[in-house]
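Have a look at the structure below, then the notes.
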Amino acid sequence: MSNLLTEVLSPQELEQALRKIGAERYHNRHPFHHLLHSGALSLGQVQAWALNRYCYQAAIPRKDAALISRTTDRNLRREWVHRILDHDGWNGEEGGIDRWLVLTESLGLKSDYVISQRGALPATVFAVEAYVDFVARHPPVITVASCLTELFAPDIHRERISGMLENYPFINESVLVYFRRRLGQAPRDAEFALDYVKHHARTLAEQQGVLNALVFKCNVLWAQLDALYAAYVSPGHIPPGAFDPEQPPC
């Protein structure tokens with residue numbers, strides 16, 4: 001939970017508080033993130049990251065559909081629906097999920113295995129489903145705020161593109177098309193979400209809920225990297241049934 005508010009913030013103060021949460025809690029500060037982008041991981045460890053991250057990517061349209069189902073605001077629904085299409089694809093154009101499968105296939109993972117999520121870490125699945133459940137249970141201004149990690153995403157995408165291209169011989173430009181597309185999509189989405197939150201979170205309770213929602217979302221992302229670090233870096237305890245680089249799936 002974020003620090004408790006004692007008075008209603010102005011829209012500008014609310015934005016500052018949200019950005020402070022991102023600066024302190026966004027998962028670009030996680031040790032696994034630094035290992036990934038510095039070239040310190042093996043192919044198997046990168047495979048584990050991409051496989052588990054797919055669970056999150058695949059859940060985004062479900063999360064956004066849950067948000068749409070909770071709002072009576074037609075303008076919000078009109079704006080938000082493109083997020084589902086961005087990830088699921090539309091009218092013959094591939095979406096973010098398809099582009100993520102390009103990445104996993106290029107890393108040597110069969111798409112059927114990735115899509116099944118059989119090899120995902122239990123903590124990954126738990127964190128992702130907790131996020132979908134959070135959105136399904138909270139009012140729109142709170143759930144929109146949970147998406148504001150997009151404010152900080154472009155920097156991590158740029159770092160990921162440059163770091164992985166430079167440090168891994170098994171990564172090439174075509175593999176990273178997902179992240180290049182998000183360089184344009186994330187700022188657009190974040191701008192709308194931030195404006196919506198600043199204009200609709202007017203009471204002390206709403207503003208506290210908005211701040212708590214962003215903390216929760218940062219925790220969801222952080223928890224996924226915690227699980228990866230514990231399973232594939234240190235202490236290296238891979239749960240039963242989860243992907244094992246030493247015993248790759250058939």
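This chain uses plain numbering: 1 for the first residue, then up along the sequence.
The hydrophobic cluster containing Tyr113 also contains Tyr232, counting ILVMFWY residues as joined when their side-chain heavy atoms lie under 4.5 angstrom apart, directly or transitively. Using a 4.5 Å cut-off between side-chain heavy atoms of Ile, Leu, Val, Met, Phe, Trp and Tyr, with links allowed through other members, Leu5 and Ile21 fall into the same hydrophobic cluster. By the rule that hydrophobic residues join a cluster once side-chain heavy atoms approach within less than 4.5 Å of another member, Ile238 and Phe243 end up as members of one cluster. Follow the hydrophobic side-chain contacts under 4.5 Å out from Trp49 and you reach Tyr229 in the same cluster. Residues Ile68 and Phe192 are members of one and the same hydrophobic cluster, defined by side-chain heavy-atom contacts under 4.5 angstrom among Ile, Leu, Val, Met, Phe, Trp and Tyr.
Annotation for Arg29: atom CZ does not count as buried by contact number, only 12 or fewer foreign heavy atoms lying within 6.0 Å. Other residues, nucleotides and ligands contribute more than 12 heavy atoms inside 6.0 Å of the CZ atom of Phe134.
Nearest heavy-atom pair across Lys63 and Cys147 is NZ-SG, 3.4 Å. Shortest non-hydrogen contact noted between Ile84 and Pro61 is CG1-O, 4.0 Å. The shortest heavy-atom contact between Ala58 and Ile97 is CA-CD1, 3.9 Å. The two atoms that bring Ala17 and Leu9 nearest to each other are CB-CD1, 4.3 Å, heavy atoms only. Gln57 and His87 get closest at one heavy-atom pair: NE2-NE2, 3.9 Å. When all heavy atoms are compared, the tightest approach of Thr143 to Ser146 is O-OG, 2.6 Å.
In this structure, Val144 and His138 have side chains that are not in contact, with every pair of non-hydrogen atoms separated by 4.5 Å or more. Here the side chains of Ile171 and Leu107 are in contact, with some heavy-atom distance below 4.5 Å. Side-chain contact between Leu67 and Leu76: present, with at least one pair of heavy atoms (C-beta onward) separated by less than 4.5 Å. The side-chain heavy atoms of Thr203 and Val8, taken from C-beta on, include no pair separated by under 4.5 Å. For the pair Glu15/Leu151, no side-chain contact is recorded, criterion being any heavy-atom separation below 4.5 Å from C-beta on. Side-chain contact between Arg25 and Trp222: absent, with no pair of heavy atoms (C-beta onward) separated by less than 4.5 Å. Between Cys55 and Leu121 there is no side-chain heavy-atom pair separated by less than 4.5 Å. Side-chain contact between Arg62 and Glu129 is present, with at least one heavy-atom pair separated by less than 4.5 Å.
Taking CD from Glu93 and CG from Asp98, the interatomic distance works out to 10.0 Å, rounded to the nearest 0.5 Å. A distance of 9.0 Å separates CG in Leu225 from OG1 in Thr124, rounded to the nearest 0.5 Å. To the nearest 0.5 angstrom, Asp189 atom CG is 7.0 Å from Glu79 atom CD. One finds the CG atom of Leu18 at 11.5 Å from the OG1 atom of Thr149 (value rounded to the nearest 0.5 Å). Between the CG atom of Asp88 and the CD atom of Glu94 there is a distance of 12.5 Å, given to the nearest 0.5 Å. A distance of 5.0 Å separates CG in Leu101 from OH in Tyr54, rounded to the nearest 0.5 Å.
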Should Val220 and Val128 be marked as a side-chain contact (heavy atoms from CB on, under 4.5 Å) after you check the CA-CA gap, both sets of side-chain angles, and the distance that decides it?
CA-CA 7 Å; Val220 166; Val128 168; 5.6 Å; no
Applying side-chain contact (heavy atoms from CB on, under 4.5 Å), run through Leu43 and Tyr168 and close with a yes or a no.
CA-CA 8 Å; Leu43 171 60; Tyr168 296 110; over 6 Å; no
Give the C-alpha distance, both sets of side-chain angles, the deciding distance and a yes or no for side-chain contact (heavy atoms from CB on, under 4.5 Å) between Asp86 and Ile60.
CA-CA 10 Å; Asp86 283 347; Ile60 289 174; over 6 Å; no
Check against side-chain contact (heavy atoms from CB on, under 4.5 Å), Val135 and Asp64:
CA-CA 8 Å; Val135 173; Asp64 289 325; over 6 Å; no
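Between His30 and Asp226, the side chains place a donor N or O and an acceptor N or O closer than 3.5 Å (distance only, hydrogens not considered).
Between His200 and Tyr196, the two ring planes are parallel [angle under 30°; tilted spans 30° to 60°]. Under the 30°/60° scheme for interplanar angles, the aromatic rings of Phe216 and Tyr131 are found to be tilted.
The closest donor-acceptor contact from the side chain of His34 to the backbone of Asn28 lies under 3.5 Å. The closest donor-acceptor contact from the side chain of Asp195 to the backbone of Glu191 lies at 3.5 Å or more, if one exists at all.
A cation-pi arrangement is found for Arg83 relative to Trp80, the charged atom lying closer than 6.0 Å to the ring centre and inside a 45° cone about the ring normal.
Under a 4.0 Å N-O distance rule, the pair Glu206/Arg202 does not qualify as a salt bridge. The residues Glu13 and Lys20 are annotated as not salt-bridged, no charged nitrogen and carboxylate oxygen being separated by less than 4.0 angstrom.
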